[in-house]
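Here the structure comes first, spelled out in structure tokens, and everything after it is commentary.
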Amino acid sequence: MIEIKDLRKSFGKLDVLKGINLTLQDQEVVVIIGPSGSGKSTVLRCINYLEPPTSGEIIVDGLSMTNNKNINAVRMEVGMVFQRFNLFPHMTVMDNITLAPIKTRHISKKEAEASALQLLQKVGLEEKKDAYPEMLSGGQQQRVAIARALAMKPKFMLFDEPTSALDPEMVREVLDVIKDLVNDGMGMLIVTHEMGFAREVADRVLFIDEGVIMEEGKPDDVFSHPQHDRTKLFLSKIL
Amino acid sequence: MSFDFNLVYQSFPLLLEGALVTIEITAISVGIGFLLGLFVSICRLSGLKVIGFLAVSYVNIIRGTPMLVQIFLIYFALPMVIGHRIDPMVAAVAACSINSGAYVSEIFRAGIQSVDKGQMEAGRSLGLTWPQAMRYVILPQAFKHVIPPLGNEFISMTKETSLVSVIGFEELTRRGQLIIAKTYGSFEIWLTVAFIYLIMTFGIARFVSFLERRFATDDRN
């Protein structure tokens, strides 16, 4: 379970998050929508402390991130996928995936490569194991990035606009991989602009605007019967 | 005025010996300077306040004072503090290494900062510690960017080692001075000395562009 309690984040004088409270149960899929600059991505980045919160508390499976000692332990349990993939360009696909498990979980190279191969099969890219990232399409890179995060055997996944940097024809292949994970029972927080996808996979949808959760509920309720004017306005622009 | 080829011919072996010493001191200094610079740049970017401040101070002091003065400080002033003489070779290598380290650390800092921020974030999000992410993710990428400026530093250092001639250390320039003191062949000897420096720096420049090409091809396959 991930608990976010009164999360606030300011960059200088700019208050990006103004008190976010959110609980993610095991195996729950929560999709965050909202206009750009609303603070959606910042919520994800605060959970694994890529951005240390200004105030508030993040607790992952009982471990509070306020205690520095827990940060790396939590990061190993919470995988993250970035908008711009952030694969390591100087390493093969295989090395991208096995680096962190070998260095942090202290498993053998052989073992790491065996499970990396399974993950590559899962994302449909086993034949690319010796390729370098720059030789792959955007969609393929993002699938490798997902496999890399999964290699740590995380309990939760954070997806930060995983398809926003992709050409339209590659969006599907990445969303299909995420859908597989949903079916496997992975708990996840997804920031996305893919409303159809959100509606399909989400247990719960949050609408964030101006640093606060304006509205939350079942996807059908939020998308079909938005209560808040802000939500209505946003959805009318995007749907 | 006539050019005395015979003098050049006779002094050449002595000057070459001096050139070997120049190469030796340059190689050792660049080697130590490389490690020192890498260490200092990492200290500077570590985000640790005191260590970062020390690193910045070191760079500012070395860059803000002439190398000639640094050589004097180490060879003449330091013995007064520690109470015994310092071997000219040790003083020369120490001065050149400490000087080079400051410039190399700035080269590494620029190289490390040129690596996309998302790389460190991706590494950290996977649970790598900061030193692990630095070592396996950032530095291998930064290294490629720093080869050309490191080559420049190597070439500069080759020439700047001539400054240690002032403490009587017999590298190429000092050898030239000593030969001229006996033969008065200023023109021939300085021209020859310049020529030997040119050959050395040209060789280094070729070596650096070879390294650049090699690392560039590594990227493609």
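The analysis underlying the following values was restricted to heavy atoms, covering all of them including side chains, and did not include hydrogens, waters or symmetry mates.
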**Report entry** Residue pair A/N72, B/T129: steps toward the side-chain contact (heavy atoms from CB on, under 4.5 Å) verdict
**Finding:** CA-CA 7 Å; A/N72 267 345; B/T129 61; 3.4 Å; yes

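For NZ of A/K179, the number of neighbouring non-hydrogen atoms (other residues, nucleotides, ligands) closer than 6.0 Å is greater than 12. Within 6.0 Å of CZ on A/R105 lie more than 12 heavy atoms contributed by other residues, nucleotides or ligands. Within a 6.0 Å radius of CZ in B/F207, other residues, nucleotides and ligands contribute 12 heavy atoms or fewer. Annotation: A/R84, atom CZ; neighbour count of heavy atoms from other residues, nucleotides and ligands within 6.0 Å does not exceed 12.
At distances below 3.5 Å, at least one donor-acceptor pair connects side-chain atoms of A/N86 with backbone N or O atoms of B/G118.
Taking NE2 from A/H90 and CD from B/Q119, the interatomic distance works out to 7.5 Å, rounded to the nearest 0.5 Å. Distance CG/B/L128 to NZ/A/K103: 9.5 Å, rounded to 0.5 Å. Between the OG atom of B/S125 and the CE atom of A/M152 there is a distance of 9.5 Å, given to the nearest 0.5 Å.
Heavy-atom distances place the backbone of A/V78, and not its side chain, under 4.5 Å from chain B. Only the side chain of A/R45 comes within contact range of chain B, judged by heavy atoms closer than 4.5 Å. For B/Q132, the part lying under 4.5 angstrom from a heavy atom of chain A is the side chain only. Contact of A/F82 with chain B is made through the side chain alone, with heavy-atom distances under 4.5 Å. Heavy atoms of A/L87 lying under 4.5 Å from chain B belong exclusively to its backbone.
The interface of residues 34-47 of chain B with chain A, defined by heavy-atom distances below 4.5 Å, is empty.
For A/P89 against B/Q141, the heavy-atom pair with the smallest separation is CG-OE1, 3.2 Å.
Between chain B and the residues A/N48, A/L99, A/V81, the most heavy-atom pairs under 4.5 angstrom are made by A/L99. Most heavy-atom pairs under 4.5 Å with chain A, from the set B/V115, B/V137, B/D116: that is B/V137.
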